[in-house]
Student: 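Structure incoming, see below.
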Amino acid sequence: MSRAAILRGLVQDAPVIAPSILKVDYGNLHREVQLLERGGATVLHLDVMDGHFVPNLSYGPAVIESWRKLTDLPFDAHLMISDPARYLDSYLAAGCDSLTVHIEAVPEPQRLLRDIRDAGRLAGIALNPGTPVERIRAVLEYCDIVLVMSVEPGFGGQKFMPIALEKLKELRSLLPPEVLLSVDGGIGPATIVNAAKAGATMFVAGSSIFDTPDYGAALRQLADTARSAVSPSARQ
Ligand code: DX5
Ligand code: ZN
């Protein structure tokens with residue numbers, strides 16, 4: 001099975017906790033990845049920033065390609081970059097298994113989303129806190145992942161913005177269950193509860209994993225908390 005197919009299948013095991021590779025020890029990335037694997041991570045969320053679409057720079061395809069040798073975990077790439085179509089081939093060649101682009105960077109993304117799917121990868125669309133769901137309605141049918149930003153993109157360690165919750169609820173009602181509904185920014189044991197209740201199935205988490213000494217324990221705590229938030233006994 002391809003890694004993209006494995007990533008697609010993770011929705012069956014939701015909640016999916018996706019560690020964000022941003023605030024990590026880049027000098028020891030192999031070790032970080034090993035700790036995540038041993039801790040039970042099933043996917044890695046790669047935050048790609050270009051210093052233009054967002055006011056921060058992270059890494060690009062050459063670096064991702066080198067990480068591809070470290071692990072077989074699916075790579076969920078979050079492209080916070082301008083003109084992602086121009087670089088699509090590089091990110092495909094680097095071994096990304098899903099590619100999520102921002103609607104603010106690509107106002108008419110149908111073709112790009114189709115190209116991503118045609119390459120056998122999962123196609124995703126992301127929207128910033130200030131962007132209404134209406135902006136992506138017409139392209140939902142081309143998406144395998146919809147990512148709701150719960151902070152302004154660019155930096156880890158920010159506070160969760162509750163505006164994301166209404167958008168998650170609206171999107172969950174519009175999307176078939178097999179589409180991963182992802183929430184990204186400020187996710188921790190407290191904020192994951194309402195995000196799960198609002199219908200998110202994939203939870204991107206940076207600080208709440210990497211600022212703790214035991215990544216496995218942090219992953220399990222997040223997953224257990226999200227699961228109990230939506231278990232029948234917890235439903236209102
Ligand atoms: C923000 C990134 C997030 C971020 C999450 O632009 O897309 O993935 O790193 O980090 P925390 O969990 O610290 O908000
Ligand atoms: Zn992200």
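When a ligand or atom number is given, it counts from 1 through the structure's own listing order.
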Student: Between ligand 1 and Gly157, is the shortest N or O to N or O distance under 3.5 Å?
Tutor: yes

Student: Hey, does Met80 sit under 4.0 Å from ligand 1 if you only count heavy atoms?
Tutor: yes

Student: May I have the step-by-step check of ring pair (Phe, Tyr, Trp, His ring centres under 6.0 Å) for Trp67 and Tyr59, ending in yes or no?
Tutor: CA-CA 11 Å; Trp67 293 347; Tyr59 42 80; 4.5 Å; yes

Student: Mark up the atoms of ligand 1 that fall under 4.0 Å of a heavy atom belonging to Leu22, in ascending order.
Tutor: 9 (O)

Student: As an exercise, identify every atom of ligand 1 less than 4.0 angstrom from a heavy atom of Asp47.
Tutor: 2 (C), 3 (C), 4 (C), 7 (O), 8 (O), 9 (O)

Student: Could a heavy atom of Phe160 be found less than 4.0 Å from some atom of ligand 1?
Tutor: no

Student: I need the nearest protein heavy-atom contact for atom 14 (O) of ligand 1: residue, atom name and distance, please.
Tutor: Gly186 N, 2.8 Å

Student: Name the closest protein heavy atom to atom 9 (O) of ligand 1, giving the residue it belongs to and the distance to 0.1 Å.
Tutor: Ser20 OG, 3.0 Å

Student: May I ask you to list the atoms of ligand 1 that are less than 4.0 angstrom from any heavy atom of Val204?
Tutor: 8 (O)

Student: Could you give me the CA-CA distance, side-chain angles and deciding distance for Glu65 and Arg68, then say whether salt bridge (Lys or Arg N to Asp or Glu O under 4.0 Å) is met?
Tutor: CA-CA 5 Å; Glu65 194 174 344; Arg68 197 57 287 176; over 6 Å; no

Student: Short list, please: which atoms of ligand 1 are under 4.0 Å from a heavy atom of Gly185?
Tutor: 14 (O)

Student: Give the minimum heavy-atom separation between Ser20 and Phe210, together with the two atoms involved.
Tutor: O-CE1, 3.2 Å

Student: I need the atoms of ligand 1 closer than 4.0 Å to a non-hydrogen atom of Met49, numbered in the order shown.
Tutor: 6 (O)

Student: Quick check: closest heavy atoms across His52 and Asp50, and the distance to 0.1 Å?
Tutor: N-OD1, 2.8 Å

Student: Below 2.8 Å, which protein N, O or S atoms neighbour the Zn ion (ligand 2), ignoring water?
Tutor: His45 NE2, Asp47 OD1, His78 ND1, Asp184 OD2

Student: Note the single closest protein heavy atom to atom 3 (C) of ligand 1, along with its residue, its atom name and the distance in Å.
Tutor: Asp184 OD1, 2.8 Å

Student: Pick out which of Asp97, Asp72, Thr71 makes a side-chain hydrogen bond (donor to acceptor under 3.5 Å, both in side chains) with Arg3.
Tutor: Asp97

Student: Among all protein non-hydrogen atoms, which one is nearest to atom 1 (C) of ligand 1, and what is the separation to 0.1 Å?
Tutor: Phe155 O, 3.7 Å

Student: If we check side-chain contact (heavy atoms from CB on, under 4.5 Å) with Arg137, which of these qualifies: Glu141, Arg135, Glu134?
Tutor: Glu134

Student: Using every non-hydrogen atom in the two residues, find where Ala200 and Val183 come nearest and quote the distance to one decimal.
Tutor: CB-CG1, 3.8 Å

Student: To the nearest 0.1 Å, how far is atom 10 (O) of ligand 1 from its closest protein heavy atom, and which atom is that?
Tutor: Gly156 CA, 3.7 Å

Student: Are side-chain N/O atoms of His45 and Asp47 paired as donor and acceptor at under 3.5 Å?
Tutor: yes

Student: Which atoms of ligand 1 have any heavy atom of His45 under 4.0 Å away?
Tutor: 8 (O)

Student: Out of Pro19, Gly206, Ser207, Ala205, who is nearest to atom 13 (O) of ligand 1 when you count heavy atoms only?
Tutor: Ser207

Student: So Leu22 and Val204, side chain to side chain contact (heavy atoms under 4.5 Å, CB included) or not? Walk me through it.
Tutor: CA-CA 11 Å; Leu22 186 61; Val204 178; over 6 Å; no

Student: Do Pro15 and Phe203 have side chains that get closer than 4.5 Å, going by heavy atoms?
Tutor: yes

Student: Closest approach of Val33 and Leu70, non-hydrogen atoms and distance?
Tutor: CG1-O, 4.4 Å

Student: What's the verdict on side chain to side chain contact (heavy atoms under 4.5 Å, CB included) for Ile17 and Ile187, showing C-alpha distance, side-chain angles and the deciding distance?
Tutor: CA-CA 10 Å; Ile17 310 297; Ile187 290 291; over 6 Å; no

Student: Looking at every heavy atom in both Val179 and Cys143, which two are closest together, and how far apart are they?
Tutor: CG2-O, 3.6 Å

Student: Any N or O on Gly154 sitting closer than 3.5 Å to an N or O of ligand 1?
Tutor: yes

Student: Which atoms of ligand 1 have any heavy atom of Pro153 under 4.0 Å away?
Tutor: 6 (O)

Student: One pair to check against side chain to side chain contact (heavy atoms under 4.5 Å, CB included): Arg31 and Gln34. What are the steps and the verdict?
Tutor: CA-CA 5 Å; Arg31 173 93 185 122; Gln34 280 177 343; 4.2 Å; yes

Student: Which of the atoms of ligand 1 are close to His78, meaning less than 4.0 Å from one of its heavy atoms?
Tutor: 7 (O)

Student: Nearest heavy-atom pair of Leu113 and Gly124: which atoms, and what distance?
Tutor: CD2-O, 3.6 Å

